[in-house]
Amino acid sequence: MSTLGDDELSLVLKWVYDQNDRKSFSQVCKQWLRVEGLSRLSIRVLEPDLIPNFIPRFPNLLLFESQIFILDSHLEFVAKTCPRLQVLNLNLRKTLEEFDEVDGISSSEDVGDDGISALANGCRNLTKALLRKRTNVGNAAVISLVKLCKNLTSLDLGRCSLVDDQAVEAIGCSNSIRVLNLEACSLITDHGLAVLATGFVSKTLKKLVLAECDRITDSGVSMLKHMCCLEELNLAECGPKITDSGGLVVSSLASLKKLNLAWLINLSDVTVIAIAENCVNLVAIDLTGCELVTGVGVRAFGNHESLEYLVLASCHSICMEDLSVVVRCQSLRDIVHDKGLRMWIPAAMQVHISMFCQLHWR
């Protein structure tokens, strides 16, 4: 019987999904080891220091993932070796405060602008860059990604504390990004949000996370009215400077499907009623900790035609009688209410609500 060629072996490998089986495959002989490496499309790195030893085996990688500290030099090597890379997932597993050193790499040495910029330059087919909690990543890295990776659709900068309005201005010039996470990027101000909302990206952005960006005020939020395609918006814990003035602008975004307004303590029934009336495509809303919201506002969802998920944890002015009106919303599937109120609500009332949707306590 003739020896199988590389093409035939590659076809066989397409049917091998289990990583242990692929490892066994690669141990048969040098040819099988080479073919397995050439056909590998994704890798999760647990020991970054060994990257120069094993990455050359996988020149056709499309996905690179590492959840621990990694050096700029490591990413520079990856950029030179894997030019076809499409997904970079460096979301850190823990915060820097939870561990100071991993495999000899300290938090101060963790990847920053140089490494990300090198990868953006070498891997221009990137579609996703996930950099959550990489606190050495700043404006220069973001600007490189946006300018060089023209197909970038998803950018996660959550808790990248060096990112400010300068980076957001660059993102505003993108015409491809659909998902943007700026959670806890506390240097971002109304100016950055205004540029974002009026730039090219406003025509493509579907999901925007601004949770814990506490320098944002009603002035910045009012610019969101220009984001005509936005389907998911997270403004949780953005602080007391967002009031009903900004809330009414949010309610004008008819394309919204998911909305998180948790702990915006100066939003009231005025905003909630407007959202219930205008956001006709809304599927989920989180009002956790919105102290001024009462049953008057929540009851407005009783006639909503698409709402499925309603969160009311730490909303102490909402009683079960209010929920009995809300459940008239035929699309509603789940309500999350404050667990501290559970003992005060008659069991019969809880059973009645549960006949229409699932009642959860938080």
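Just so you know, these numbers come straight off a predicted model, no measurement behind them. Scope of the values below: all heavy atoms of this structure, side chains included, with no hydrogens, waters or symmetry mates.
Residue Phe200 qualifies as open at atom CZ: its count of foreign heavy atoms under 6.0 Å is 12 or below. A 6.0 Å sphere centred on CZ of Arg178 holds no more than 12 heavy atoms belonging to other residues, nucleotides or ligands. The 12-atom threshold is not exceeded at CG of Asn303, counting heavy atoms of other residues, nucleotides or ligands nearer than 6.0 Å.
By the 30° and 60° cut-offs, the orientation of the rings of His304 relative to Phe301 is tilted.
The list of salt bridge (Lys or Arg N to Asp or Glu O under 4.0 Å) pairs with a residue in residues 218-233, not counting sequence neighbours, reads Lys206-Glu231, Lys207-Glu232.
One N or O on the side chain of Thr204 and one on the backbone of Ile177 form a donor-acceptor pair closer than 3.5 Å. A donor-acceptor pair is defined here as one N or O able to donate and one able to accept, closer than 3.5 Å; such a pair exists between the side chain of Ser306 and the backbone of Val280. Without hydrogens or angle criteria, Asp49 side chain to Ile51 main chain gives no donor-acceptor distance under 3.5 Å. In terms of modelled atom types and a separation under 3.5 Å, the side chain of Arg215 and the main chain of Ser186 share a donor-acceptor contact. Using modelled atom types, no side-chain atom of Asn60 and backbone atom of Arg40 make a donor-acceptor pair closer than 3.5 Å. The backbone N or O of Val163 lies less than 3.5 Å from no partner atom in the side chain of Asn139, so there is not a single donor-acceptor pair.
Between Asp110 and Arg134 there is a salt bridge, since a side-chain N of the basic residue sits under 4.0 Å from a carboxylate O of the acidic one.
Looking at residues two or more places apart in sequence or on another chain, you find a side-chain contact (heavy atoms from CB on, under 4.5 Å) between Asp165 and Ile188, Thr189, His191.
Phe356 and Val298 fall within a single hydrophobic cluster, where Ile, Leu, Val, Met, Phe, Trp and Tyr are joined by side-chain heavy atoms under 4.5 Å apart, directly or via other members.
At a cut-off of 3.5 Å, with distance as the only test, a side-chain donor of Ser117 or Ser144 sits close to an acceptor on the other residue.
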